[in-house]
Engineer: 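Below is the structure I would like to discuss, written out as structure tokens.
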Amino acid sequence: MNVTPLASGRPDRRAATLVMACLGVFVAYLPVTTVSVSLPAIQAALSASTAQLSWVQDAFVLPMAAFILTAGVVGDVHGRKKVFQAGLLLSAVGAAVALAAQSIQLLWVGQALAGMGAAALLPTTLALISHAVPDHRERGKFIGLWATSLLMALAVGPLIAGVVLEHAAWRWIYLLVIPVSLIATVFAARLLTDSRAPHGRRLDWPGQITAAVSITALVYGVIEGGAGSFTDTQVLAALFVAVAGAVAFVVAERRSDSPMLDLTLFRSPAFTATTLVAMITFLGLIGFFFLLSLYFGLVQQLDTLQAAWRLLMVTGAAIVAGGPVARLMHRVPARTLITAGLLVVSGALLSMTTLDADTSFASIAWRLVLLGLGMGGVLTPMTATAVASVPHHLAGMAAAGNNTFRQIGGALGPAVLGALLTSRALGTFPAHLADAGITGASRQSMVEAAREGGLGAVAGMNLGAHTGQALGAVGDAFLDGLRLCLIVAAALTLLAALVSAVLLRPRVSTATVTVAAATPHPAAGAAAEAGTSGQGGDPVTVRQPG
């Protein structure tokens, strides 16, 4: 296999790689919050139900989760620069389709294409950094800047959407991605040096097919089960296919001599811990952003720009925390940073269970800042530990695997929490209408509208003299569901903190981890070695936290 080295002694090349990697992850994550705060406007313009609205987010995240591993393998085989450029182009095409969408279904198509672009960008950006900066300590600084770019995308997305929706239709939120992606593609052709995996790999079609089937069936089953019933035949069938697909994936990977995801990576407790933490954390947090945008629009009746400034409290605080956390990584164990950050996130989520329709900006701001500080303490050490916990030549696969499970959690977040919200809110909505003095045929028509199209459908009805009481009942029912979701999200982050605390415990001794399909390569002789946090390893030995 022809490998083009990128000398670590070329600061200009490393700087160019870092800039392109940061730009790539920015493009990949920009649609997440840009779209999330625009959901009320999209729902009103396209007459979408709550379940259809969940698919707007999941149409993006689902292909991202399903194809990240494949994109990592394609980059290893055919060149990461090519896959990086393909990801940028797919992101531009997806944004163009979404911008032109006149129906919710076409919007799903655009989101799916953009999600495939993000799937190509995420593993290649980290693999490019890993190749350019083989020293694990210096690489941690680069990954910190990569994580900051991710958070920047989450931060500016709501502001872009808010400004656009103040002056134009929702579809124009997609415009910025197109020129940025195209310009970045041109600069990547000149600035990036291509690289491939130092060991022969090939595409693992059985693994790809079974992974895609399992992930798609799982998310579909959860969304449809939440919108209807988990006892429906199609939901049960989807969940069965998800389980069968997961089993088939494990069998295929164990038998493959060139696996898409080498399952022996999970023998490293550090890799296992960060992967589980990534999935659990993103399930709670991405689902929370989905619900919070609905809370600002449906309950507090804020416009998109007002909601954006509030969401900026979270991402802005995470960016501020990211710099100091990146510098602390070589002095404070990753276990301490990740666990402490998750505990802060849990506390922030629980503090929001007292929110109501009249909660002031000042009252909610400190809770959002606290949530952001916790996030900032988790993201950089979590990513750096996942990459450093395996042999250097498998860093790309580790990054792709960690990102895959992160995106599975992100896909399930709106689905799981949306299902909980819908179930709880619809269960209490009739009682809130009765308490508001709305009875008889009016009450029945509102309840039926909510069951068919969600609480947002009630807000769009001609309510006449009952407008004030009905909207109050909608808000109260939503808050019932939101409080349940906040408790569940807090419980999930507490579980992630427990996983981190248990599996990332450093040992004095080391254990040999034999990684299938990987004979040590001379270039990997100086592979990442365990730092103060106890993660890392050379090509044949991995220090085992836990």
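This is a predicted model, so every value here is computed, not measured. Along the sequence shown, residues carry numbers from 1.
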Engineer: For the residue pair Met352 and Leu371, establish whether any side-chain heavy-atom pair is separated by less than 4.5 Å.
Structural biologist: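 Yes. Closest side-chain heavy atoms under 4.5 Å.
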Engineer: With a 4.5 Å limit on heavy-atom distance, are the side chains of Val325 and Pro381 in contact?
Structural biologist: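 Contact flag for Val325/Pro381 side chains = yes.
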Engineer: Give a yes or no answer on whether the side chain of Ser346 reaches the backbone of Leu494 with a donor-acceptor pair at less than 3.5 Å.
Structural biologist: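 Yes, because the side chain of Ser346 sits within donor-acceptor range (under 3.5 Å) of the backbone of Leu494.
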Engineer: What's the shortest heavy-atom distance between Phe288 and Leu417, and which atoms?
Structural biologist: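 In terms of heavy atoms, the two residues are closest at N-CD1, 3.8 Å.
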Engineer: How long is the gap from CG on Leu504 to OG1 on Thr339, to the nearest 0.5 Å?
Structural biologist: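 One gets 6.5 Å once the value is rounded to the nearest 0.5 Å.
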Engineer: Quick one: does Ser149's side chain have a donor or acceptor within less than 3.5 Å of a partner on Leu145's backbone?
Structural biologist: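 Side chain of Ser149 to backbone of Leu145: a pair is present.
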Engineer: Does the side chain of Leu30 reach to within under 4.5 Å of the side chain of Val156, using non-hydrogen atoms?
Structural biologist: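 Yes - at least one pair of side-chain heavy atoms lies under 4.5 Å apart.
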Engineer: Can you find a heavy atom in the side chain of Ile364 that is under 4.5 Å from one in the side chain of Tyr295?
Structural biologist: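 A side-chain contact exists here, since the closest heavy-atom pair is under 4.5 Å.
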Engineer: Can a donor-acceptor pair be found, under 3.5 Å and without considering hydrogens, that links the side chain of Glu253 to the backbone of Leu261?
Structural biologist: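 Side chain of Glu253 to backbone of Leu261, a donor-acceptor pair under 3.5 Å: yes, one is there.
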Engineer: Determine whether a donor-acceptor pair (N or O, by modelled atom type, separation under 3.5 Å) exists between the side chain of Thr272 and the backbone of Phe266.
Structural biologist: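 Flag set: sc Thr272 to bb Phe266 pair under 3.5 Å.
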Engineer: What are the two closest heavy atoms between Leu90 and Gly117, and how far apart are they?
Structural biologist: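 Closest approach of Leu90 to Gly117: CB-CA, 3.6 Å.
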Engineer: Passes side chain to side chain contact (heavy atoms under 4.5 Å, CB included), Gln111 versus Val56? Steps please.
Structural biologist: CA-CA 7 Å; Gln111 286 280 92; Val56 172; 4.0 Å; yes
Engineer: Has the side chain of Arg483 got a donor or acceptor atom that lies under 3.5 Å from a matching backbone atom of Thr353?
Structural biologist: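 Present.
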Engineer: Taking all atoms of both residues into account, what is the closest heavy-atom pair of Met20 and Phe84, and its distance?
Structural biologist: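 For Met20 versus Phe84, the nearest heavy atoms are O-CZ, 3.2 Å.
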Engineer: So, for Leu263 and Arg254, which heavy atoms are closest and what is the spacing to 0.1 Å?
Structural biologist: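 Heavy-atom minimum between the residues: CD1-CG, 3.7 Å.
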Engineer: Output the distance between atom OG1 (Thr185) and atom CG (Leu88), rounded to the nearest 0.5 Å.
Structural biologist: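 The distance works out to 4.0 Å.
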Engineer: Could you tell me whether a side-chain N or O of Ser423 sits under 3.5 Å from a main-chain N or O of Leu420, the two making a donor and an acceptor?
Structural biologist: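 Looks like no, no N/O pair under 3.5 Å.
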Engineer: Please step through side chain to side chain contact (heavy atoms under 4.5 Å, CB included) for the pair Leu292 and Leu368, ending with a clear verdict.
Structural biologist: CA-CA 11 Å; Leu292 192 62; Leu368 297 177; 3.9 Å; yes
Engineer: Quick check for you: to the nearest 0.5 Å, what is the distance between Met382 atom CE and Leu342 atom CG?
Structural biologist: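 Taking CE in Met382 and CG in Leu342, the distance rounds to 8.5 Å.
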Engineer: With a 4.5 Å limit on heavy-atom distance, are the side chains of Val35 and Phe60 in contact?
Structural biologist: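 The answer is no; the side chains never approach within 4.5 Å.
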Engineer: Might you point out which heavy atoms bring Ser38 and Thr34 nearest each other, and give the distance in Å?
Structural biologist: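 Heavy atoms of Ser38 and Thr34 come nearest at OG-O, 2.8 Å.
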Engineer: Tell me, please, which residues at least two apart from Ile280 pass side-chain contact (heavy atoms from CB on, under 4.5 Å).
Structural biologist: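 side-chain contact (heavy atoms from CB on, under 4.5 Å) list for Ile280, sorted by chain: Leu492, Leu495, Ala496.
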Engineer: At what distance, to the nearest 0.5 angstrom, does CD1 of Ile104 lie from CD of Gln43?
Structural biologist: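 The CD1 atom of Ile104 sits 8.5 Å away from the CD atom of Gln43.
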Engineer: Judged by atom type as modelled, is there a donor-acceptor pair below 3.5 Å linking the side chain of Ser181 to the main-chain atoms of Ile178?
Structural biologist: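 No, Ser181 side chain to Ile178 backbone: no donor-acceptor pair under 3.5 Å.
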Engineer: Is a side-chain N or O of Thr210 found less than 3.5 angstrom from the main chain of Gly207, in a donor-acceptor match?
Structural biologist: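 Yes.
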Engineer: Take atom CE of Met152 as the centre, draw a 6.0 Å sphere, and report whether it contains more than 12 heavy atoms from other residues, nucleotides or ligands.
Structural biologist: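 At most 12 heavy atoms, drawn from other residues, nucleotides or ligands, come within 6.0 Å of this atom.
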Engineer: Rounded at 0.5 Å granularity, tell me how far CE in Met313 sits from CG in Leu373.
Structural biologist: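 If we round to the nearest 0.5 Å, Met313:CE and Leu373:CG are 11.5 Å apart.
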Engineer: Given side chains that start at C-beta, do those of Leu128 and Trp146 come closer than 4.5 Å, heavy atoms only?
Structural biologist: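 No; the side chains remain at least 4.5 Å from each other.
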Engineer: To the nearest 0.5 Å, what is the distance between OG1 on Thr493 and CE on Met375?
Structural biologist: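 Taking OG1 in Thr493 and CE in Met375, the distance rounds to 11.5 Å.
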Engineer: After noting the C-alpha distance and the side-chain angles of Leu239 and Val235, does the key distance pass the side chain to side chain contact (heavy atoms under 4.5 Å, CB included) rule?
Structural biologist: CA-CA 6 Å; Leu239 296 178; Val235 173; 4.2 Å; yes
Engineer: Using side-chain heavy atoms (C-beta onward) and a distance below 4.5 Å, is Thr17 in contact with Leu192?
Structural biologist: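 Touching, per the 4.5 Å side-chain cut-off.
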Engineer: Indicate yes or no: at least one non-hydrogen side-chain atom of Leu122 is less than 4.5 angstrom from one of Tyr29.
Structural biologist: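 Yes, side chains in contact.
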Engineer: Which heavy atom of Ser91 sits nearest a heavy atom of Ala118, and at what distance?
Structural biologist: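 Where Ser91 meets Ala118 most closely, the heavy atoms are OG-N, 4.1 Å.
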Engineer: Determine whether a donor-acceptor pair (N or O, by modelled atom type, separation under 3.5 Å) exists between the side chain of Thr281 and the backbone of Ala278.
Structural biologist: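 No, the answer is negative, given that no donor and acceptor are paired below the 3.5 Å cut-off.
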